Amino acid sequence: MKLLFKPLILAAGLAALGTVAEANSLRFAESQDVASMDPHAARDDFALSLLCNVYEGLVRWNADLELEPALAESWEVISPTEWKFNLRKDVTFHNGNPFTADDVIFSYHRAGDTGSPFAGLLEPIAEVVKVDDHTVIFKIKRKYALLLNDFAGWYIMDKEFQESIGAEKPLDLMSNAGGAMQTQANGTGPFKLMERQPDVKTVLAANPDWWDERKHNLDEIVYTPITNNATRVAALLSGEVDFIRNAPPQDLERIEATPGMKVMRGPHLRTIFYGMDQQSDTLEGSGVEGNPLKSPAVRQAIAMSIDIEGIKRSIMRDNSNPVATQLAPQMPFYDASLDVRFPYDPEAAKALLAEAGYAEGFTLPITCPTGAFINDEQICQATAGMLAKIGITAQLNMVTPVQYDAGLPAGDFDFYMLGWAGLPTIDPYNIFSATVHSPTGDLGAWNPNGYSNPRVDELIILIGEETDLVKRQEMISEVVKTQRDEVGKIMLHQQFLTWGMTDKVNAIVPGDEYTRFWYYTMN
């Protein structure tokens, strides 16, 4: 399958190395810890970007974000609704258990059952049939064009191991049901879990029995969550850690000016926006009757109150790209003609509020994560100040990424910041099916009580089925234009990747932000 997207990749020294002369330990820090070692517990890009080193899918994205075989060595389309996968032989999990078709079927049921965060990703699958220990047939509900793309983000687990620790179902991050997966992991990937102290340290070691050719020269990866931005940057500059993702924009010049340090940059596929409850008849705590967010005029007024260039200049330090649609310019099927924002115009915004019947404004509860997106807390605070200028009083509610990932799809938030990169599919269908489609259980899971348009819903399903590129483009552009004109989301910007590291680290900076450590080397 040929992928139509090839992002900017910054790389250095990715030479294949054989034996390692001395121990290479990559010390890595980020603003948050992974919630667990369970790859089916949450559609959390940061957690999955670390866990992709421990677990693997049937296919994977390589360094150039092109699809290639992983645990499946080949596949064929038997019919429009049947795909046969030939599984790789002689692959073992980290505990020595053999990888077989039973693990694929178990992982499908574990990740795909109703209520799982991955149910939407695996929704097109109707059944998985075992042919023999190394052959399975996926029967799908309808013609579907993106099965391989989806499989790149669905990781396979060891049936026997999961049953032995009582973790047959994904870890519930709110109740901690299935809590063994907080500290245990057993995948087939290039690195295996050696030590896990939640919120303190996670240590991965190179897997000597990995099935693939080794290109990295790392012996271990030591991950330490450091919540405070200044402390994390200080740890890098002092030599306590070797690598930090998403270095704060305000510290980039200082990092680059420090001998032995560098910043690697690249455009992110993720766009940041505000979603909101557009379906409830009332907006609790608003101080007015009804739900102002149901009005397109109110939503447009909010959009026109946000000084996105000011946010780019003062908060992002020019490390962002203002956007009008959810598709980043590097995303397949991006349509530049539609990427036109509403102008920043507080006076016009106040006029729109008056026309909608809210001349005196109202109170708007805003929920924002702390540390999920670059400078998310500062952006929300700035938004609150901008809304005040048009008569809307913001009540900010800052939550941890774990609370955010559980509360948002549950519909707990009325107005919230969200970022989406179309991962792991790297296709507009992923964005639309998760954040634009009317909530139906499997679809629209990240659009609770949100934007809803029957024509858009119809188009999204067709986009998932269509293989003709011209027809796909027409339908995708219609969805983008319709939602933009109806202000389904309040769009902000595209994030830029800014990774700080020492000169001895040779890394790649792919547009999906995944840390594929099997491509890293250290001098």
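All of these numbers come straight from a predicted model, not from anything done at the bench.
- Separation of the F243 and W499 ring centroids falls under the 6.0 Å cut-off.
- For the salt bridge (Lys or Arg N to Asp or Glu O under 4.0 Å) test, residues two or more places apart in sequence or in another chain that qualify with K481 are D485.
- Sorted by first and then second residue, the salt bridge (charged side-chain N to carboxylate O under 4.0 Å, His left out) pairs involving residues 362-371 (not counting sequence neighbours) form an empty list.
- At a threshold of 4.0 Å, the pair R245-E30 counts as salt-bridged, since one of the basic side-chain nitrogens sits closer than that to a carboxylate oxygen.
- S438 and D457 are linked by a side-chain donor-acceptor pair at a separation below 3.5 angstrom, with hydrogens and angles left out of the test.
- For residues 314-325, the pairs satisfying side-chain hydrogen bond (donor to acceptor under 3.5 Å, both in side chains) are N321-Q494, with sequence neighbours left out.
- Every residue two or more places apart in sequence or in another chain that forms a salt bridge (Lys or Arg N to Asp or Glu O under 4.0 Å) with D251 is listed here: R254.
- Less than 6.0 angstrom separates the ring centroid of F138 from the ring centroid of F151.
- No salt bridge links E486 with R299; every basic N to acidic carboxylate O contact stays at or beyond 4.0 Å.
- For Y416 and Y274, the distance between ring centers is not under 6.0 angstrom.
- Taking OG1 of T383 as the reference point, atom CE of M386 lies at 6.0 Å (rounded to 0.5 Å).
- Side-chain N or O atoms of E377 include none that pairs as donor or acceptor with a backbone N or O of T370 at under 3.5 Å.
- Under the 4.0 Å criterion applied to side-chain N and carboxylate O atoms, K312 and D307 are not assigned as salt-bridge partners.
- Of the charged side-chain nitrogens involved, at least one lies within less than 4.0 Å of a carboxylate oxygen, so that D427 and R472 count as a salt-bridged pair.
- The ring-ring contact (aromatic ring centres under 6.0 Å, His included) contacts involving residues 429-454 comprise Y144-Y429, W420-W446, where partners must be two or more places apart or lie in separate chains.
- Heavy atoms only, all atoms of each residue included: Y358 and E289 are closest at OH-O, 3.9 Å.
- Using a 4.0 Å cut-off between a side-chain N of Lys or Arg and a carboxylate O of Asp or Glu, R270 and D45 qualify as a salt bridge.
- Remark: E309 pairs with no residue by the salt bridge (Lys or Arg N to Asp or Glu O under 4.0 Å) rule, at least two apart or across chains.
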